[in-house]
Each structure stands twice: as C-alpha cells, then as structure tokens.
Protein chains: 2
Amino acid sequence: MARTMSTDRIVTLRGDQELVARAGDLIAGARQEFLVAATDPWTFSPGVNAAFARGKRPHMAPGMVMRKLYTPRAVADAESVRRLLKIAATGPEVRIAAAPLTHEAIVLDGRTAILAGAPESGVRTYTVVRTPEVVASIRSLIAATWETADGLAAFSGRPRPDLTEESRRILRTLGAGHTDETASRHLGMSLRTYRRRVAELMETLDATSRFQAGVRARDLGVGG
Amino acid sequence: MARTMSTDRIVTLRGDQELVARAGDLIAGARQEFLVAATDPWTFSPGVNAAFARGKRPHMAPGMVMRKLYTPRAVADAESVRRLLKIAATGPEVRIAAAPLTHEAIVLDGRTAILAGAPESGVRTYTVVRTPEVVASIRSLIAATWETADGLAAFSGRPRPDLTEESRRILRTLGAGHTDETASRHLGMSLRTYRRRVAELMETLDATSRFQAGVRARDLGVGG
DNA sequence: CGCCGCGTGGCAGCAAGGTGCCAGTTCCGC
DNA sequence: GCGGAACTGGCACCTTGCTGCCACGCGGCG
C-alpha cells in the first residue's frame, strides 16, 4: 500500500555554504557518472566552485561519464566559448541545449540529484534527492535533452569551410552511397583523382573517417 | 539550516489501482497545465486509462496547456501514428523527442509530478512528488526536451527507426572518427561484433556507405 | 539429459578505401 | 622555346572495412 518515503531521501539546503558543507563530499564522490544541466557554467559558481576550490571535485577517472549541458546563454560571446572549450579540454563533454534550462540540476551516479531552486529572500536553495524513481526520471530527461543538444563545435565560431561546386558534387555522390569506383565514373574523373578529392575534403572537414565526414557534411547542409 | 521535507510531499504508490485511487482526482484536477513525457501513449495505459474510464480525465478547458511528449517508438508504425493523430485532434499538443524517455513523468499545474518507476516484482510503482524545487526542475527539463522535439507532422510520412541505447553509443563512436579497432575496444566488444552492429545499423539507416550512414545518422540527431 | 536457438568471437578471404611514387599533360612566366 | 609549378591518372602496396563460416557458451524446453 502507499508508503511514505523515509525523510532523509529528500533534503533542502539553504545557501551555498550549506551546499558545500553537506553535499561537497557527495559531489566529489561521484564515480561513474556526473551530469550537470544549467544555464551556464557560472550559475553554480558561488556554491560549487567554492567546493571545487577545496578539492571536492569529481575525479575524471577512466570510464567516468561527465556531461555538462548548458543553454545558448553559455555561448553568448567568444569569451564564454573559450572558457567552455577549456572546460571541455579537461575531460567533460559539453553540449548546448536549444531550450532554456531554468533550474540547475546535477545527477550523481544515477543515485543522487541536486536541484537548485529559486532564491528565497536572497538565499539560494538546493534540494538533494535520493528517491530512486525521481532521480531516474530526472536523469532520463537530462539524457533526452542531451541527445538533441549540439556539441560545442557548432558554436566555437570555427569558420565554415567554403566548398567549391566540385566539392559539393563529390559530397553529394558520397551521400548517395556509391562506391568510389562508380562515383568517380559518374563524375567523369579517375578513381585516383576522386579519392584524392575525398581525402582533401576529409582534411577540410577535419574528419578521420568517412562516417564522421558524413556527419560533418550534414552539419554544413550538404551531402543529402 | 537544513530542513527535511515534510513527509507527505513525496509518496510512492504501488500498482495501477493505487495510482487511480490516490492520484486519480489529482490528475483530473489539473487546471492550467498537464505535461506528459513517456515512451508511447500505451505505457501508462493500464493505470491512467482506467482512471480516465471513470471520467477522471483532465478537462480540456480553454487556456489549458496540455502537452504529450513521446519517443520515436510511439511513431514506429503507421497505425501508431494514426492513433497519435487522433489523440492530437482532441486537444493536446503531441511531440516526438529524439531520445528515449525511459521513465514516464507527468507534471500537473507545475505543482505536482508523478513519476513512474521500474516494476517491482511485477507491480508498477509511481512516485508522487510535491516538493516545489523538484517539480520545477522536472518541469523545466520536460520543457527543454519539448522545445527540441518534433511535431507529429514530421512523422506522418515514414516512421523514423527506433534506435537502442547501444546503437546510439555506436553511432557516437563512429561519429568520433575512431577506427573499428579502437571503437570496439572502447565499447568493450569484439571487433567482429562491433562490425556486425555497424552493418545492422547501416541496414536500418538504409545506407550503403559509411559516409551515407553518417549523413542519415545526423538527420536523426545522433552521431555528433 | 540432449537438443535447440541465439548471441558472440575468431579466422580467413575479399572488397573497398587510402596513399606514395612516378610519368604524362597543361599552363603559365621568363 | 624552356623550366617549373600544378594537376592528372596509372600502378603498387598497405590499411581498413565487410562478411561467410564455424566453434563456443548460455538459457530454455522437451
């Protein structure tokens, strides 16, 4: 029958100090998975960065999944993008969701969720949840948003390579799924030259496999 | 200081009957907003439809926002799409998120969340949450997923393939530009199995080259 | 128990992709 | 005309990707 949860499964903390004091070790103790969803990397700063400063930082162990999901606000200017790229360089994956994430959320190892609430009379509140169903739901929703979010690359202001008409034609034949053999004949050039073109294209697309090249090409709007 | 939530703010219900008995009025009582995130319209059926059958159905009042968010599985075949279109015709907005929503969630008027958990010994459990921060977070995440989800119109044509989590992982490693060798090791499977998976994936993507598969994968929002 | 179906992994062999090398051609500018 | 840079295509060789075949292990099922 209906069963009320034990009270320690959900706790509200008031202010950053209390967050650090009560949840710092929790955050640092993440082992397999560390998910963050927030508007930008500075939202949590007052509290979480204070914790991080004391070494209470989740360790980037091998096999650890560390994902940070932000809103477009996090890439509003070039400076912000640079800071994000620096974050990404230290290990975590970073993506930008199209929609605003008004409430920051952290999920630790799929077992604990830390949810930021609106400030009450100037003091930020944080809710620590351990109820399995609730944490699983939040984790699932973050995963869904993550899935449709763009990688940082789309925002790093990397100038999109300007492709010649021939390059576009080659990308189209590649996208058509032909073999190099038939594609080259179709384009009226030798196999050798065709492959040379493809190699050059992959260079400009910064791709190391044809699959990756396909993804990148699609991002540029060609290939389909 | 730390404050433990009052115990009635989070309750776990066991089984559909209990859901109907204890939360039926809650669901029917939604006035401004009714959000559902689930894999497909039939996941909740045993419990919620039973409640609906007794007239405990949220009323489509003017000004009421009623949104139903499903996964690609909900539009896996033409029959399912038809049923969804019928649902949409009665009022609610329906969208399809690219990613799997493994845990069903309902949010009522931004004040109450009902989260489905995994069945325990055959009995489905539902967790009713009223903690404001938790509900607000879940609502925000559903909104973010909703924002990037596609309308039903995009699917009334051909059904988009329903990819498993493993498939997504494989597409991501492909998109990362690894060789099969390193990719398979990274995913902890043999080279042979990895290639088998890739072959299967290319089949479902209807691609004849890896480049083409990359393009198709990008169209589905995975691989980057 | 044996038998099945099923998923996995190793191996072999082939197909496809990728590249260094060199010869031939074209198109400059001197 | 001459030399050289730039581009092309053929050849050879290697890597990578792809798949058929078979063996092994595992969980039902009679």
Side-chain angles (χ1 to χ4, degrees), chain A residues 32 62-63 153 161-220 222-224, chain B residues 72-73 76 100 102 118-122 161-220 222-224:
Chain A
Q32 299 104 42
D162 50 340
L163 302 170
T164 69
E165 184 46 45
E166 188 192 35
S167 298
R168 286 166 202 287
R169 249 180 298 142
I170 292 175
L171 287 176
R172 274 197 295 273
T173 61
L174 277 168
H178 294 124
T179 67
D180 292 7
E181 180 79 31
T182 55
S184 63
R185 228 172 322 111
H186 185 263
L187 292 176
M189 67 178 72
S190 80
L191 181 63
R192 183 68 186 87
T193 305
Y194 176 77
R195 286 185 172 159
R196 202 174 265 144
R197 293 283 169 280
V198 174
E200 290 160 5
L201 267 172
M202 287 180 57
E203 181 119 3
T204 67
L205 291 177
D206 196 28
T208 56
S209 77
R210 289 207 177 185
F211 184 96
Q212 194 176 32
V215 172
R216 300 269 159 90
R218 198 52 177 160
D219 281 343
L220 296 176
V222 271
Chain B
R73 178 167 307 177
T102 51
E120 276 179 33
S121 59
D162 183 24
L163 298 174
T164 68
E165 183 49 42
E166 188 192 37
S167 299
R168 288 166 203 284
R169 266 201 304 272
I170 291 174
L171 288 175
R172 276 197 294 275
T173 61
L174 278 168
H178 295 124
T179 66
D180 291 8
E181 181 78 33
T182 54
S184 64
R185 227 170 324 110
H186 186 263
L187 292 176
M189 66 179 72
S190 82
L191 182 63
R192 183 71 184 85
T193 304
Y194 176 77
R195 288 187 170 155
R196 227 195 288 271
R197 294 281 169 281
V198 173
E200 291 160 5
L201 266 173
M202 288 181 56
E203 181 120 4
T204 68
L205 292 176
D206 194 28
T208 55
S209 76
R210 289 208 177 184
F211 184 97
Q212 193 178 32
V215 172
R216 299 269 160 90
R218 197 50 179 161
D219 280 343
L220 295 177
V222 269

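Proteins come first, then strands; the chains are lettered A, B, ... in the order of their sequence lines, and each starts at number 1. As a basis for the values below, the full set of heavy atoms in this structure was taken, side chains included, without hydrogen atoms, waters or symmetry mates.
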>> If I compare all heavy atoms of A:M202 with all of A:T208, which pair ends up nearest, and what's the gap?
In response: CE-C, 3.8 Å

>> Whole angstroms only, please: what is the CZ-P distance between A:R210 and C:dA16?
In response: 12 Å

>> Is the shortest side-chain heavy-atom distance between B:R218 and A:D219 below 4.5 Å?
In response: yes

> Can we say B:R192 and B:D180 salt-bridge, meaning some charged N sits less than 4.0 Å from an Asp/Glu carboxylate O?
Replying inline: no

>> So which atom in B:H186 and which in B:T173 form the shortest heavy-atom distance, rounded to 0.1 Å?
In response: ND1-CG2, 4.3 Å

> A:R196 CZ to D:dT8 C1': how many Å, rounded?
Replying inline: 7 Å

> With a 4.5 Å limit on heavy-atom distance, are the side chains of A:L171 and B:F211 in contact?
Replying inline: yes

> Roughly how many Å is it from CD in B:E203 to C1' in D:dG17, rounded to a whole number?
Replying inline: 17 Å

>> To check you understand the geometry: which heavy-atom pair defines the closest contact between B:L191 and B:E181, and what is its length?
In response: CD1-N, 3.8 Å

>> Measure CD1/A:I170 against C1'/C:dG17 and give the value in whole Å, please.
In response: 15 Å

> Atom OH of A:Y194 and atom P of C:dT19: how far apart are they, to the nearest Å?
Replying inline: 14 Å

>> Rounded to whole Å, how long is the line connecting atom CZ of B:R195 with atom P of C:dG13?
In response: 16 Å

> Counting side-chain heavy atoms from CB outward, which of D:dG17, C:dG18, C:dT19 is closest to A:A199?
Replying inline: C:dT19

>> What's the closest nucleotide to the side chain of A:T193 if the choices are C:dG17, D:dG17, D:dG9?
In response: D:dG9

> Of the nucleotides D:dC7, C:dG18, D:dG10, which one has an atom closest to the side chain of A:R197?
Replying inline: D:dC7

> Is there a residue in residues 185-192 of chain B whose heavy atoms reach under 4.0 Å of DNA chain C, and which residues are they?
Replying inline: B:S190, B:R192

>> If I take atom NE2 in residue B:H178 and atom P in nucleotide D:dT16, what distance separates them, rounded to the nearest angstrom?
In response: 14 Å

>> Go through it in stages, so that I can follow the logic: the residues are B:T204 and B:E200, the test is side chain to side chain donor-acceptor pair (under 3.5 Å), and I'd like the CA-CA distance, side-chain angles, deciding distance and then a yes or no.
In response: CA-CA 6 Å; B:T204 68; B:E200 291 160 5; over 6 Å; no

> Whole Å only: how far is the CD atom of A:E200 from the C1' atom of C:dT19?
Replying inline: 12 Å

